[in-house]
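All values below were derived from every heavy atom in this structure, side-chain atoms included, with hydrogens, water molecules and symmetry-related copies excluded.
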Amino acid sequence: MTTNPTRNPTWISDWRPEDEAFWNAGGKVIARRNLIWSIVAEHIGFSVWLIWSIVTTKLPQAGFHYTTDQLFQLVAVPGLIGALMRFPYTFAVTTFGGRNWTIFSAAVLFIPTLSLAYFVGQPDTPFWLMLLIASTAGLGGGNFASSMTNISFFFPDRMKGWALGLNAAGGNIGVSSVQLLTPILMTLAVINLFQASPVDGIFLQNAGLMWVLPIAIAVFGAVFFMNNLTTAKSSITNQLAVVKRKHTWIMAYLYIGTFGSFIGYSAAFPLLIKTQFPAISISIAFLGPLVGSLSRPLGGLLADKIGGSILTFWNFIAMAGATVGVLYFVGHKDFTGFLAMFLILFVTTGIGNGSTYRMIPSIFREQNLFRVRGKGDAARAAALKTASIESGAAVGFIGAIGAVGGYLIPTGFGKSIAMTGGPSLALAIYLAFYASCLGLTWWFYLRRSPQGEGASSLAEARV
(Lines give C-alpha, C1' and ligand atoms only; values in the text may rest on other atoms or scores of the structure.)
Protein backbone atom coordinates (compact mmCIF):
# COMPACT_ATOMS: atom_id res chain seq x y z
CA MET A 1 0.00 0.00 0.00
CA THR A 2 1.17 3.50 -0.65
CA THR A 3 0.59 6.08 2.04
CA ASN A 4 -0.14 8.72 -0.60
CA PRO A 5 -3.65 9.88 0.39
CA THR A 6 -4.44 11.00 -3.15
CA ARG A 7 -4.67 7.38 -4.27
CA ASN A 8 -7.66 5.28 -3.36
CA PRO A 9 -7.11 1.56 -3.86
CA THR A 10 -10.17 -0.54 -3.18
CA TRP A 11 -8.15 -2.94 -1.04
CA ILE A 12 -5.20 -1.87 1.14
CA SER A 13 -2.85 -4.77 1.84
CA ASP A 14 -0.30 -3.08 4.12
CA TRP A 15 -1.84 -1.38 7.12
CA ARG A 16 0.25 -0.71 10.25
CA PRO A 17 -1.43 1.97 12.38
CA GLU A 18 0.73 1.16 15.43
CA ASP A 19 3.85 2.05 13.39
CA GLU A 20 4.25 5.77 14.06
CA ALA A 21 6.29 6.43 10.91
CA PHE A 22 3.70 4.69 8.77
CA TRP A 23 0.89 6.56 10.52
CA ASN A 24 2.46 9.99 10.09
CA ALA A 25 3.52 9.30 6.48
CA GLY A 26 -0.08 9.10 5.31
CA GLY A 27 -1.88 6.40 7.26
CA LYS A 28 -3.74 8.91 9.41
CA VAL A 29 -5.05 10.74 6.33
CA ILE A 30 -6.55 7.52 4.95
CA ALA A 31 -7.94 6.56 8.35
CA ARG A 32 -9.63 9.93 8.81
CA ARG A 33 -11.11 9.87 5.29
CA ASN A 34 -12.67 6.48 6.01
CA LEU A 35 -13.86 7.73 9.38
CA ILE A 36 -15.60 10.73 7.81
CA TRP A 37 -17.57 8.68 5.30
CA SER A 38 -18.27 6.01 7.87
CA ILE A 39 -19.85 8.71 10.05
CA VAL A 40 -21.97 9.96 7.12
CA ALA A 41 -23.34 6.48 6.38
CA GLU A 42 -23.88 5.63 10.02
CA HIS A 43 -25.58 8.97 10.70
CA ILE A 44 -28.15 8.25 8.01
CA GLY A 45 -28.54 4.69 9.28
CA PHE A 46 -29.43 5.95 12.75
CA SER A 47 -31.81 8.51 11.28
CA VAL A 48 -33.69 5.84 9.35
CA TRP A 49 -33.67 3.54 12.38
CA LEU A 50 -35.49 6.15 14.50
CA ILE A 51 -37.91 7.50 11.87
CA TRP A 52 -40.83 5.83 13.60
CA SER A 53 -40.17 7.63 16.89
CA ILE A 54 -41.66 10.72 15.18
CA VAL A 55 -44.03 9.09 12.68
CA THR A 56 -45.99 7.28 15.41
CA THR A 57 -46.89 10.56 17.11
CA LYS A 58 -48.62 11.72 13.91
CA LEU A 59 -50.44 8.50 12.94
CA PRO A 60 -53.63 9.12 14.98
CA GLN A 61 -54.29 12.49 13.33
CA ALA A 62 -53.56 10.89 9.94
CA GLY A 63 -56.47 8.49 10.47
CA PHE A 64 -54.72 5.41 11.92
CA HIS A 65 -56.70 3.94 14.83
CA TYR A 66 -53.97 2.24 16.85
CA THR A 67 -53.84 1.99 20.66
CA THR A 68 -51.10 3.66 22.73
CA ASP A 69 -49.53 0.26 23.37
CA GLN A 70 -49.55 -0.47 19.61
CA LEU A 71 -47.89 2.89 18.91
CA PHE A 72 -45.11 2.03 21.38
CA GLN A 73 -44.74 -1.33 19.60
CA LEU A 74 -44.21 0.50 16.29
CA VAL A 75 -41.48 2.50 18.02
CA ALA A 76 -39.94 -0.57 19.64
CA VAL A 77 -39.82 -3.14 16.82
CA PRO A 78 -37.17 -1.32 14.74
CA GLY A 79 -34.99 -1.46 17.87
CA LEU A 80 -35.34 -5.23 18.08
CA ILE A 81 -34.69 -5.79 14.37
CA GLY A 82 -31.75 -3.38 14.47
CA ALA A 83 -30.24 -5.34 17.35
CA LEU A 84 -30.65 -8.65 15.48
CA MET A 85 -29.19 -7.20 12.28
CA ARG A 86 -26.05 -6.19 14.14
CA PHE A 87 -24.94 -9.81 14.47
CA PRO A 88 -24.47 -10.49 10.73
CA TYR A 89 -23.32 -6.90 10.17
CA THR A 90 -20.52 -7.42 12.71
CA PHE A 91 -18.99 -10.27 10.69
CA ALA A 92 -19.70 -8.70 7.30
CA VAL A 93 -16.74 -6.28 7.46
CA THR A 94 -14.13 -9.01 7.86
CA THR A 95 -15.85 -11.13 5.21
CA PHE A 96 -16.67 -8.61 2.48
CA GLY A 97 -14.58 -5.54 3.40
CA GLY A 98 -15.53 -2.33 5.20
CA ARG A 99 -15.98 -0.24 2.06
CA ASN A 100 -18.00 -2.90 0.25
CA TRP A 101 -20.32 -3.43 3.18
CA THR A 102 -20.84 0.30 3.72
CA ILE A 103 -22.01 0.57 0.11
CA PHE A 104 -24.50 -2.26 0.59
CA SER A 105 -25.72 -1.28 4.06
CA ALA A 106 -26.37 2.31 2.92
CA ALA A 107 -28.16 1.26 -0.29
CA VAL A 108 -30.65 -1.05 1.48
CA LEU A 109 -31.97 1.94 3.44
CA PHE A 110 -34.09 2.78 0.39
CA ILE A 111 -36.36 -0.11 1.49
CA PRO A 112 -37.60 1.31 4.83
CA THR A 113 -37.76 4.91 3.60
CA LEU A 114 -39.74 4.31 0.42
CA SER A 115 -42.07 1.74 2.00
CA LEU A 116 -42.82 4.16 4.84
CA ALA A 117 -43.55 6.94 2.33
CA TYR A 118 -46.18 4.74 0.65
CA PHE A 119 -47.94 3.11 3.60
CA VAL A 120 -48.36 6.19 5.83
CA GLY A 121 -50.71 7.43 3.10
CA GLN A 122 -52.92 4.34 3.52
CA PRO A 123 -54.96 4.79 6.76
CA ASP A 124 -56.66 1.40 6.27
CA THR A 125 -53.30 -0.42 6.65
CA PRO A 126 -53.76 -3.18 9.27
CA PHE A 127 -51.53 -2.97 12.33
CA TRP A 128 -49.62 -6.18 11.57
CA LEU A 129 -48.60 -4.84 8.15
CA MET A 130 -47.57 -1.46 9.55
CA LEU A 131 -45.53 -3.31 12.17
CA LEU A 132 -43.79 -5.19 9.36
CA ILE A 133 -43.04 -1.93 7.52
CA ALA A 134 -41.68 -0.37 10.72
CA SER A 135 -39.45 -3.39 11.28
CA THR A 136 -37.53 -2.69 8.04
CA ALA A 137 -36.23 0.50 9.66
CA GLY A 138 -34.15 -1.86 11.77
CA LEU A 139 -31.83 -2.18 8.77
CA GLY A 140 -30.48 1.22 9.77
CA GLY A 141 -29.63 -0.09 13.21
CA GLY A 142 -27.31 -2.74 11.82
CA ASN A 143 -24.99 -0.12 10.33
CA PHE A 144 -23.52 0.75 13.71
CA ALA A 145 -22.00 -2.70 14.24
CA SER A 146 -20.28 -2.88 10.86
CA SER A 147 -19.18 0.75 11.03
CA MET A 148 -17.62 0.43 14.49
CA THR A 149 -15.97 -2.88 13.61
CA ASN A 150 -14.51 -1.36 10.45
CA ILE A 151 -13.17 1.81 12.06
CA SER A 152 -11.58 -0.14 14.93
CA PHE A 153 -9.10 -1.59 12.39
CA PHE A 154 -8.04 1.79 10.98
CA PHE A 155 -6.76 3.49 14.15
CA PRO A 156 -3.92 2.73 16.59
CA ASP A 157 -4.84 1.54 20.05
CA ARG A 158 -3.96 4.87 21.65
CA MET A 159 -6.60 6.62 19.48
CA LYS A 160 -9.38 4.02 19.46
CA GLY A 161 -11.34 5.71 22.24
CA TRP A 162 -11.39 9.00 20.35
CA ALA A 163 -12.01 7.45 16.92
CA LEU A 164 -14.74 5.04 18.03
CA GLY A 165 -16.33 7.76 20.17
CA LEU A 166 -16.40 10.19 17.25
CA ASN A 167 -17.72 7.54 14.86
CA ALA A 168 -20.43 6.51 17.28
CA ALA A 169 -21.37 10.10 18.12
CA GLY A 170 -21.69 10.96 14.44
CA GLY A 171 -24.09 8.06 14.09
CA ASN A 172 -25.94 8.66 17.33
CA ILE A 173 -26.63 12.27 16.43
CA GLY A 174 -28.68 10.95 13.52
CA VAL A 175 -31.36 10.26 16.13
CA SER A 176 -31.43 13.95 16.96
CA SER A 177 -31.42 14.87 13.26
CA VAL A 178 -34.47 12.78 12.45
CA GLN A 179 -36.38 14.12 15.45
CA LEU A 180 -35.47 17.72 14.69
CA LEU A 181 -35.83 17.77 10.90
CA THR A 182 -38.75 15.41 10.32
CA PRO A 183 -41.46 17.60 11.93
CA ILE A 184 -40.14 20.58 9.94
CA LEU A 185 -39.76 18.89 6.55
CA MET A 186 -43.14 17.18 6.82
CA THR A 187 -44.68 20.60 6.22
CA LEU A 188 -43.02 21.04 2.79
CA ALA A 189 -44.99 19.85 -0.24
CA VAL A 190 -41.96 20.16 -2.52
CA ILE A 191 -40.28 17.05 -1.07
CA ASN A 192 -42.98 14.73 -2.39
CA LEU A 193 -43.31 16.80 -5.58
CA PHE A 194 -46.85 17.85 -4.56
CA GLN A 195 -48.07 14.29 -5.17
CA ALA A 196 -49.78 13.88 -1.79
CA SER A 197 -52.48 15.71 0.15
CA PRO A 198 -51.50 17.02 3.60
CA VAL A 199 -53.35 16.00 6.77
CA ASP A 200 -53.61 18.95 9.16
CA GLY A 201 -50.82 20.59 7.17
CA ILE A 202 -48.54 17.55 7.50
CA PHE A 203 -47.11 15.54 4.59
CA LEU A 204 -46.40 12.35 6.53
CA GLN A 205 -44.82 10.75 3.44
CA ASN A 206 -41.92 13.18 3.73
CA ALA A 207 -40.64 11.31 6.78
CA GLY A 208 -39.39 8.67 4.35
CA LEU A 209 -38.78 10.69 1.19
CA MET A 210 -36.53 13.24 2.90
CA TRP A 211 -33.77 10.62 3.29
CA VAL A 212 -33.57 9.46 -0.34
CA LEU A 213 -30.96 12.05 -1.41
CA PRO A 214 -28.79 11.66 1.73
CA ILE A 215 -28.76 7.88 1.23
CA ALA A 216 -27.60 8.36 -2.36
CA ILE A 217 -24.80 10.65 -1.14
CA ALA A 218 -23.69 8.07 1.44
CA VAL A 219 -23.49 5.36 -1.23
CA PHE A 220 -21.51 7.68 -3.51
CA GLY A 221 -19.06 8.56 -0.73
CA ALA A 222 -18.48 4.93 0.20
CA VAL A 223 -17.83 3.98 -3.43
CA PHE A 224 -15.28 6.71 -4.14
CA PHE A 225 -13.67 7.55 -0.79
CA MET A 226 -13.53 4.43 1.39
CA ASN A 227 -11.18 1.43 1.47
CA ASN A 228 -11.17 -2.24 2.42
CA LEU A 229 -8.33 -3.55 4.61
CA THR A 230 -6.93 -7.01 3.89
CA THR A 231 -5.55 -7.00 7.46
CA ALA A 232 -9.15 -6.90 8.66
CA LYS A 233 -9.99 -10.15 6.89
CA SER A 234 -10.78 -12.98 9.26
CA SER A 235 -12.87 -16.11 9.30
CA ILE A 236 -16.18 -16.04 11.11
CA THR A 237 -14.93 -18.96 13.23
CA ASN A 238 -12.02 -16.87 14.54
CA GLN A 239 -14.33 -13.98 15.34
CA LEU A 240 -16.89 -16.19 17.05
CA ALA A 241 -14.20 -17.00 19.60
CA VAL A 242 -15.31 -13.83 21.42
CA VAL A 243 -18.62 -15.52 22.26
CA LYS A 244 -16.68 -17.83 24.59
CA ARG A 245 -15.01 -14.94 26.40
CA LYS A 246 -16.56 -14.09 29.74
CA HIS A 247 -15.89 -10.39 29.38
CA THR A 248 -17.76 -10.24 26.08
CA TRP A 249 -20.96 -11.03 27.94
CA ILE A 250 -20.18 -8.78 30.91
CA MET A 251 -19.52 -5.82 28.64
CA ALA A 252 -22.63 -6.62 26.58
CA TYR A 253 -24.70 -6.41 29.77
CA LEU A 254 -23.12 -3.07 30.68
CA TYR A 255 -23.68 -1.80 27.15
CA ILE A 256 -27.40 -2.46 27.44
CA GLY A 257 -27.24 -0.03 30.36
CA THR A 258 -25.46 2.67 28.33
CA PHE A 259 -26.23 2.42 24.63
CA GLY A 260 -29.41 0.42 25.20
CA SER A 261 -30.63 3.28 27.37
CA PHE A 262 -29.62 5.87 24.80
CA ILE A 263 -31.38 4.26 21.85
CA GLY A 264 -34.36 3.11 23.94
CA TYR A 265 -34.99 6.50 25.51
CA SER A 266 -34.41 8.20 22.14
CA ALA A 267 -37.05 6.04 20.50
CA ALA A 268 -39.57 6.45 23.31
CA PHE A 269 -39.00 10.10 24.24
CA PRO A 270 -41.32 11.80 21.69
CA LEU A 271 -44.21 9.42 22.39
CA LEU A 272 -43.54 9.60 26.13
CA ILE A 273 -43.84 13.40 25.99
CA LYS A 274 -46.98 13.08 23.85
CA THR A 275 -48.69 10.74 26.34
CA GLN A 276 -47.55 12.30 29.64
CA PHE A 277 -47.52 15.99 28.69
CA PRO A 278 -50.04 16.39 25.81
CA ALA A 279 -49.74 20.18 25.81
CA ILE A 280 -46.01 20.06 25.04
CA SER A 281 -44.80 19.94 21.44
CA ILE A 282 -42.74 16.87 20.52
CA SER A 283 -40.44 19.16 18.53
CA ILE A 284 -38.40 19.52 21.72
CA ALA A 285 -37.68 15.76 21.84
CA PHE A 286 -34.56 16.06 19.66
CA LEU A 287 -32.68 17.69 22.56
CA GLY A 288 -32.33 14.37 24.39
CA PRO A 289 -30.57 12.42 21.63
CA LEU A 290 -28.56 15.55 20.77
CA VAL A 291 -26.92 15.93 24.18
CA GLY A 292 -26.51 12.15 24.43
CA SER A 293 -24.71 12.06 21.09
CA LEU A 294 -22.47 15.05 21.79
CA SER A 295 -21.39 13.63 25.14
CA ARG A 296 -20.31 10.29 23.64
CA PRO A 297 -16.88 11.42 22.32
CA LEU A 298 -16.34 13.15 25.67
CA GLY A 299 -16.84 9.77 27.33
CA GLY A 300 -14.28 8.20 24.99
CA LEU A 301 -11.78 11.02 25.56
CA LEU A 302 -12.12 10.92 29.35
CA ALA A 303 -11.85 7.13 29.29
CA ASP A 304 -8.59 7.41 27.32
CA LYS A 305 -7.21 9.64 30.09
CA ILE A 306 -8.54 8.16 33.35
CA GLY A 307 -9.59 4.64 32.42
CA GLY A 308 -12.87 3.35 31.03
CA SER A 309 -13.88 1.28 34.05
CA ILE A 310 -13.51 4.14 36.53
CA LEU A 311 -15.56 6.47 34.35
CA THR A 312 -18.19 3.79 33.71
CA PHE A 313 -18.57 3.13 37.45
CA TRP A 314 -19.24 6.76 38.35
CA ASN A 315 -21.39 7.23 35.28
CA PHE A 316 -23.79 4.49 36.38
CA ILE A 317 -24.15 6.28 39.71
CA ALA A 318 -25.10 9.45 37.81
CA MET A 319 -27.54 7.49 35.62
CA ALA A 320 -29.27 6.11 38.69
CA GLY A 321 -29.54 9.58 40.22
CA ALA A 322 -31.01 11.06 37.04
CA THR A 323 -33.54 8.20 36.82
CA VAL A 324 -34.69 8.95 40.37
CA GLY A 325 -35.16 12.56 39.27
CA VAL A 326 -37.23 11.55 36.23
CA LEU A 327 -39.37 9.32 38.47
CA TYR A 328 -40.05 12.19 40.84
CA PHE A 329 -40.96 14.82 38.26
CA VAL A 330 -43.06 12.57 36.01
CA GLY A 331 -45.01 11.58 39.12
CA HIS A 332 -45.64 15.26 39.91
CA LYS A 333 -46.36 16.13 36.25
CA ASP A 334 -43.66 18.80 36.29
CA PHE A 335 -42.41 19.03 32.71
CA THR A 336 -39.51 21.40 33.41
CA GLY A 337 -38.03 19.06 36.00
CA PHE A 338 -38.86 16.01 33.85
CA LEU A 339 -37.02 17.49 30.86
CA ALA A 340 -34.01 18.60 32.92
CA MET A 341 -33.60 15.18 34.53
CA PHE A 342 -34.09 13.38 31.23
CA LEU A 343 -31.45 15.55 29.54
CA ILE A 344 -29.00 14.70 32.33
CA LEU A 345 -29.91 11.05 31.83
CA PHE A 346 -29.22 11.37 28.10
CA VAL A 347 -25.82 12.96 28.80
CA THR A 348 -24.87 10.03 31.05
CA THR A 349 -25.92 7.51 28.41
CA GLY A 350 -23.57 9.22 25.96
CA ILE A 351 -20.64 9.33 28.37
CA GLY A 352 -21.26 5.69 29.28
CA ASN A 353 -21.37 4.71 25.61
CA GLY A 354 -17.92 6.21 25.10
CA SER A 355 -16.38 4.77 28.25
CA THR A 356 -17.68 1.21 27.78
CA TYR A 357 -16.57 1.10 24.15
CA ARG A 358 -13.11 2.26 25.23
CA MET A 359 -12.96 -0.65 27.71
CA ILE A 360 -13.52 -3.35 25.07
CA PRO A 361 -10.24 -3.13 23.09
CA SER A 362 -8.32 -2.56 26.34
CA ILE A 363 -9.72 -5.72 27.91
CA PHE A 364 -8.92 -7.92 24.90
CA ARG A 365 -5.47 -6.36 24.54
CA GLU A 366 -4.55 -6.96 28.19
CA GLN A 367 -5.83 -10.52 28.25
CA ASN A 368 -4.08 -11.55 25.01
CA LEU A 369 -0.80 -9.94 26.07
CA PHE A 370 -0.96 -11.67 29.44
CA ARG A 371 -1.17 -15.07 27.75
CA VAL A 372 2.13 -14.53 25.88
CA ARG A 373 4.03 -12.74 28.63
CA GLY A 374 7.72 -13.65 28.46
CA LYS A 375 7.42 -15.45 25.11
CA GLY A 376 9.18 -12.87 22.92
CA ASP A 377 8.37 -10.19 20.37
CA ALA A 378 6.90 -12.53 17.74
CA ALA A 379 4.38 -13.90 20.24
CA ARG A 380 3.56 -10.38 21.38
CA ALA A 381 2.92 -9.23 17.79
CA ALA A 382 0.66 -12.24 17.18
CA ALA A 383 -1.21 -11.52 20.41
CA LEU A 384 -1.81 -7.91 19.38
CA LYS A 385 -3.18 -9.04 16.01
CA THR A 386 -5.47 -11.54 17.74
CA ALA A 387 -6.59 -8.83 20.14
CA SER A 388 -7.39 -6.53 17.22
CA ILE A 389 -9.50 -9.20 15.49
CA GLU A 390 -11.27 -10.21 18.71
CA SER A 391 -11.95 -6.66 19.88
CA GLY A 392 -13.31 -5.75 16.45
CA ALA A 393 -15.70 -8.71 16.59
CA ALA A 394 -16.55 -7.97 20.23
CA VAL A 395 -17.35 -4.33 19.43
CA GLY A 396 -19.97 -5.46 16.94
CA PHE A 397 -21.30 -8.33 19.06
CA ILE A 398 -21.58 -6.19 22.19
CA GLY A 399 -23.19 -3.44 20.14
CA ALA A 400 -25.79 -5.93 18.96
CA ILE A 401 -26.66 -7.07 22.46
CA GLY A 402 -26.74 -3.50 23.76
CA ALA A 403 -29.15 -2.42 21.04
CA VAL A 404 -31.94 -4.57 22.49
CA GLY A 405 -32.52 -1.63 24.80
CA GLY A 406 -34.05 0.03 21.75
CA TYR A 407 -36.81 -2.57 22.01
CA LEU A 408 -37.00 -3.17 25.77
CA ILE A 409 -37.32 0.44 26.91
CA PRO A 410 -40.17 1.57 24.60
CA THR A 411 -41.94 -1.75 25.20
CA GLY A 412 -41.51 -1.29 28.94
CA PHE A 413 -42.99 2.19 28.82
CA GLY A 414 -45.90 0.96 26.71
CA LYS A 415 -46.69 -1.91 29.07
CA SER A 416 -46.25 0.27 32.16
CA ILE A 417 -48.68 2.88 30.82
CA ALA A 418 -51.17 0.16 29.81
CA MET A 419 -51.01 -1.51 33.25
CA THR A 420 -50.65 1.45 35.63
CA GLY A 421 -51.49 4.54 33.59
CA GLY A 422 -47.96 5.93 33.78
CA PRO A 423 -44.27 5.14 33.12
CA SER A 424 -43.10 4.99 36.76
CA LEU A 425 -43.09 1.19 36.99
CA ALA A 426 -40.83 0.93 33.94
CA LEU A 427 -38.48 3.61 35.31
CA ALA A 428 -38.19 1.77 38.63
CA ILE A 429 -37.16 -1.39 36.77
CA TYR A 430 -34.56 0.54 34.76
CA LEU A 431 -33.20 1.98 38.02
CA ALA A 432 -32.71 -1.50 39.46
CA PHE A 433 -30.91 -2.52 36.27
CA TYR A 434 -28.45 0.37 36.59
CA ALA A 435 -27.70 -0.75 40.14
CA SER A 436 -26.77 -4.20 38.82
CA CYS A 437 -24.51 -2.63 36.16
CA LEU A 438 -22.78 -0.61 38.86
CA GLY A 439 -22.09 -3.76 40.85
CA LEU A 440 -20.72 -5.66 37.85
CA THR A 441 -18.39 -2.81 36.89
CA TRP A 442 -16.88 -2.72 40.36
CA TRP A 443 -16.63 -6.51 40.76
CA PHE A 444 -14.89 -7.27 37.49
CA TYR A 445 -12.98 -4.11 36.61
CA LEU A 446 -12.26 -2.10 39.77
CA ARG A 447 -11.90 -4.76 42.46
CA ARG A 448 -8.19 -5.41 42.83
CA SER A 449 -7.97 -9.19 42.68
CA PRO A 450 -7.17 -11.83 40.00
CA GLN A 451 -9.86 -11.93 37.34
CA GLY A 452 -9.53 -15.55 36.21
CA GLU A 453 -8.74 -16.76 32.71
CA GLY A 454 -5.04 -16.54 33.64
CA ALA A 455 -5.11 -12.74 33.49
CA SER A 456 -3.82 -10.32 36.08
CA SER A 457 -6.20 -7.84 37.62
CA LEU A 458 -7.89 -5.76 34.95
CA ALA A 459 -8.27 -3.09 37.61
CA GLU A 460 -4.48 -2.72 37.74
CA ALA A 461 -4.41 -2.43 33.94
CA ARG A 462 -6.91 0.50 34.15
CA VAL A 463 -9.03 -0.82 31.28
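Counting only distance, with no hydrogens or angles, the side chain of Ser47 and the backbone of Gly174 share a donor-acceptor pair below 3.5 Å. At distances below 3.5 Å, not a single donor-acceptor pair connects side-chain atoms of Ser362 with backbone N or O atoms of Val463. Between the side chain of Thr149 and the backbone N or O of Ser146, no donor-acceptor pair lies under 3.5 Å. Listed for the Ser53 side chain is a donor-acceptor partner under 3.5 Å among the backbone atoms of Leu50. Looking only at distances, no side-chain donor or acceptor of Ser391 sits under 3.5 Å from a matching main-chain atom of Pro361. At least one donor-acceptor pair closer than 3.5 Å links the side chain of Ser295 to the backbone N or O of Gly292.
Here the side chains of Leu209 and Thr113 are not in contact, with every heavy-atom distance at 4.5 Å or above. Contact annotation: the side chain of Phe110 never approaches that of Trp211 to less than 4.5 Å [non-hydrogen atoms, C-beta and beyond]. By the 4.5 Å heavy-atom criterion applied to side chains, Leu327 and Met341 are not counted as neighbours. Using a 4.5 Å heavy-atom threshold, the side chains of Met186 and Met210 count as separate. Taking the side chain as every heavy atom from C-beta outward, Phe154 and Ser38 never approach each other to under 4.5 Å. Phe338 places a side-chain heavy atom less than 4.5 Å from the side chain of Leu272.
Taking CZ of Phe433 as the reference point, atom CG of Leu438 lies at 12.0 Å (rounded to 0.5 Å). The line from OG1 of Thr56 to CD1 of Ile51 is 11.5 Å long, rounded to the nearest 0.5 Å. Here the straight-line distance linking atom CD1 of Ile39 with atom CD1 of Ile44 works out to 12.0 Å at 0.5 Å rounding.
Considering all non-hydrogen atoms of both residues, Glu390 and Phe364 come closest at OE1-CD2, 3.4 Å. Shortest non-hydrogen contact noted between Leu166 and Pro297 is N-CB, 4.3 Å.
Within a 6.0 Å radius of OH in Tyr66, more than 12 heavy atoms belonging to other residues, nucleotides or ligands are found. Heavy atoms of other residues, nucleotides or ligands lying less than 6.0 angstrom from CZ of Phe346 number more than 12.
For Ser147 and Tyr89, the side-chain atoms include no donor-acceptor pair closer than 3.5 Å. If you check the side chains of Thr411 and Gln73, you find no donor sitting under 3.5 Å from an acceptor.
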Check against ring-ring contact (aromatic ring centres under 6.0 Å, His included), Trp37 and Phe220: CA-CA 10 Å; Trp37 284 101; Phe220 176 88; 7.4 Å; no
Candidate pair Thr90 and Arg86, rule side chain to side chain donor-acceptor pair (under 3.5 Å), full reasoning: CA-CA 6 Å; Thr90 294; Arg86 288 185 173 197; over 6 Å; no
Residue pair Phe413, Tyr430: steps toward the ring-ring contact (aromatic ring centres under 6.0 Å, His included) verdict: CA-CA 10 Å; Phe413 279 134; Tyr430 306 153; 5.5 Å; yes
Residue pair Phe259, Phe144: steps toward the ring-ring contact (aromatic ring centres under 6.0 Å, His included) verdict: CA-CA 11 Å; Phe259 178 76; Phe144 179 84; 5.4 Å; yes
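Only one option out of Val404, Ile401, Asn353, Ile360 pairs with Tyr255 in a side-chain contact (heavy atoms from CB on, under 4.5 Å); it is Asn353. A side-chain hydrogen bond (donor to acceptor under 3.5 Å, both in side chains) with Ser355 is found for one member of Thr312, Thr258, Asp304 and no other, namely Thr312. When each of Pro270, Ser266, Pro410 is checked for a side-chain contact (heavy atoms from CB on, under 4.5 Å) with Val75, only Pro410 meets the rule.
In this structure, Arg296 forms a cation-pi arrangement with Tyr357, its terminal cationic atom sitting closer than 6.0 Å to the ring centre and no more than 45° off the ring axis.
Between Trp23 and Phe155, the distance separating the two ring centers is shorter than 6.0 angstrom.
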